[in-house]
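Worksheet for the structure shown next.
Throughout, numbering of the chain's residues begins at 1 and tracks the sequence.
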Amino acid sequence: MARLLSLLAFVFAAATLCGAFPTHASFPAHVSLAGLSDEDLEKIIPLLPRGLTESPPGPLTDTSAKLVNDPAHPWLPLTPFDIRGPCPGLNTLASHGYLPRTGIATPGQIVTAAQEGFNMGNDLAVFVTYAAFLVDGNAVTNLLSIGGKTPFTGPDPPQPAIVGGLDTHAVFEGDASMTRGDAFFGDNHSFNETLFDQFADFSNRLGAGNYNFTVAAELRHQRILQSIATNPQFSFVSPRYFTAFAESVFPIAFFVDGRKNDGQLPVDVARGFFQESRMPDGFFRHNGSISTADIGQGIAEVFTPHPIEPGRNVGGVNNFTLDPTSADFSTFCLLYQNFVDQTVKSLYPNPKGILLDALNRNLDFLFSPIKGSGCSQVFPFGQPTQ
């Protein structure tokens with residue numbers, strides 16, 4: 001169970017792309033090409049500046065606890081042009097300058113930032129980043145937005161292109177978030193004070209003022225029950241089934257000062273990350289990189305007290321119906337296979353030329369951290385010739 005959960009911990013968060021374009025000639029370089037028609041792609045791709053599809057950065061040589069809210073990485077307030085999304089970790093890395101403060105970055109920059117700022121393990125950082133990038137990044141320009149729409153992206157592109165950034169529903173973002181509302185209610189990306197008050201209440205009652213694994217298990221269960229009872233379109237299948245539990249573990253793993261490493265996140269510190277995208281003064285990153293096995297163990301602690309199988313509301317609220325076709329914690333390889341063969345393939349049904357080459361390289365990067373997991377690599381566009 002723990003080994004499987006450590007693999008499943010790869011599937012979270014990360015980034016999606018926003019945007020749209022008034023004409024092909026002004027298509028923003030960071031906007032995802034996913035879902036565009038062959039006709040649109042043929043017009044857009046020749047006009048895009050081609051980015052370097054660089055190999056992912058390697059692991060850190062120094063993984064000790066160290067000051068990361070330092071003079072080189074001060075928190076700065078947003079400018080009108082900065083993009084932020086529903087992921088407090090990525091938002092914080094951008095607001096402290098570990099990522100470009102604009103919120104638009106290359107996959108390599110995201111991997112480096114997650115490692116440097118939070119001591120995320122290289123295998124975890126690579127898989128998470130490239131999974132998000134393949135769905136919501138621009139494979140030709142090698143750029144990704146960590147958030148939603150920007151004034152520079154213009155009107156929406158034709159359907160079924162993805163246009164909403166990380167707040168695009170049901171890609172990586174999903175229902176039953178701890179501090180963001182369900183998409184059904186209209187805003188799935190902004191900090192929700194009511195939900196954070198619930199986060200604080202559970203932490204105060206069950207954690208003596210701290211968010212910890214005991215609190216995480218009960219709050220995760222509560223948020224699922226709330227969505228079942230209030231959201232007629234509630235969906236809790238892969239990949240959200242996995243990202244929801246990972247989302248519950250991440251604050252304990254990455255937002256607790258590395259000099260403590262006690263798994264206790266004070267509520268006021270949590271608010272800084274979730275609401276203000278801000279590390280506390282003098283914050284040290286975790287002592288030692290956080291591996292997929294570490295996250296997997298945390299997921300087990302959150303999942304075990306209230307196990308639930310994947311499913312969705314069917315026909316209205318309080319009608320949660322199991323979905324036997326969804327990957328679950330015993331079928332990581334199915335999760336990976338479906339993500340590549342169904343999600344990525346459906347967004348790019350017939351890529352050609354430089355787009356095909358870039359997608360295949362990024363698919364290789366995605367698979368590289370899980371080569372030893374027992375999963376077979378999937379080639380949705382056919383195995384490339386060497």
Side-chain angles (χ1 to χ4, degrees), residues 14-56 104-111 126-145 152-166 168 170-172 239 335-371 375-386:
T16 25
L17 259 282
C18 62
F21 50 95
T23 66
H24 295 307
S26 59
F27 188 83
H30 66 278
V31 172
S32 176
L33 300 173
L36 297 179
S37 67
D38 286 349
E39 180 182 0
D40 284 323
L41 289 171
E42 288 175 1
K43 294 177 180 178
I44 291 167
I45 288 175
L47 302 175
L48 291 174
R50 188 170 184 180
L52 175 65
T53 308
E54 80 274 20
S55 297
I104 297 172
T106 69
Q109 288 174 319
I110 294 173
V111 171
V126 169
F127 192 95
V128 169
T129 298
Y130 283 90
F133 182 70
L134 278 160
V135 175
D136 296 308
N138 189 317
V140 175
T141 63
N142 201 43
L143 292 173
L144 179 80
S145 165
F152 301 111
T153 58
D156 288 349
Q159 296 291 323
I162 295 174
V163 298
L166 244 188
T168 300
V171 181
F172 284 94
L335 168 65
Y336 161 71
Q337 178 182 337
N338 287 348
F339 176 78
V340 173
D341 236 358
Q342 296 179 13
T343 305
V344 176
K345 178 72 172 178
S346 69
L347 294 172
Y348 295 99
N350 189 32
K352 302 172 185 176
I354 61 173
L355 175 59
L356 175 61
D357 292 343
L359 287 170
N360 280 331
R361 279 181 57 80
N362 284 294
L363 285 165
D364 283 345
F365 299 153
L366 173 72
F367 184 71
S368 61
I370 60 170
K371 283 183 178 179
C375 301
S376 299
Q377 185 168 3
V378 177
F379 300 95
F381 312 116
Q383 190 159 357
T385 57
Q386 300 299 323

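Contacts of S376 classified as side chain to side chain contact (heavy atoms under 4.5 Å, CB included), with partners at least two apart in sequence or in another chain: none. Legend: residues meeting side chain to side chain donor-acceptor pair (under 3.5 Å) with N362, ordered by chain and number and at least two apart, are absent. Legend: residues meeting ring-ring contact (aromatic ring centres under 6.0 Å, His included) with F367, ordered by chain and number and at least two apart, are Y336. Every residue meeting the side chain to side chain contact (heavy atoms under 4.5 Å, CB included) condition with Q342, not counting sequence neighbours, appears here in chain and number order: N338. In this structure, D341 has no side chain to side chain donor-acceptor pair (under 3.5 Å) partners at least two apart in sequence or on a different chain.
A 4.5 Å side-chain heavy-atom check between E54 and T106 finds at least one atom pair inside the cut-off. Two residues are said to be in side-chain contact when any heavy atoms from C-beta on lie closer than 4.5 Å; F379 and L363 fail this criterion. The shortest side-chain heavy-atom distance between I104 and L144 does not fall under the 4.5 Å cut-off. Two residues are said to be in side-chain contact when any heavy atoms from C-beta on lie closer than 4.5 Å; F133 and L366 fail this criterion.
Interatomic distance, N142 CG to R361 CZ, rounded to the nearest 0.5 Å: 9.5 Å. One finds the CG atom of N360 at 9.5 Å from the CG atom of L355 (value rounded to the nearest 0.5 Å).
Listed here is the closest heavy atom pair of L359 and A139: CD2-CB, 4.2 Å. The two residues P349 and S346 have their closest heavy-atom pair at CD-O, 3.8 Å. Taking every heavy atom of both residues into account, F365 and P56 meet most closely at CD2-CD, 3.5 Å. Scanning both residues, Y130 and G108, for their nearest heavy atoms gives OH-N, 4.2 Å. Here the closest heavy-atom approach between residue P369 and residue V126 is recorded as CG-CG1, 3.6 Å.
T343 places no side-chain N or O within donor-acceptor distance of the main-chain N or O of V340, the cut-off being under 3.5 Å.
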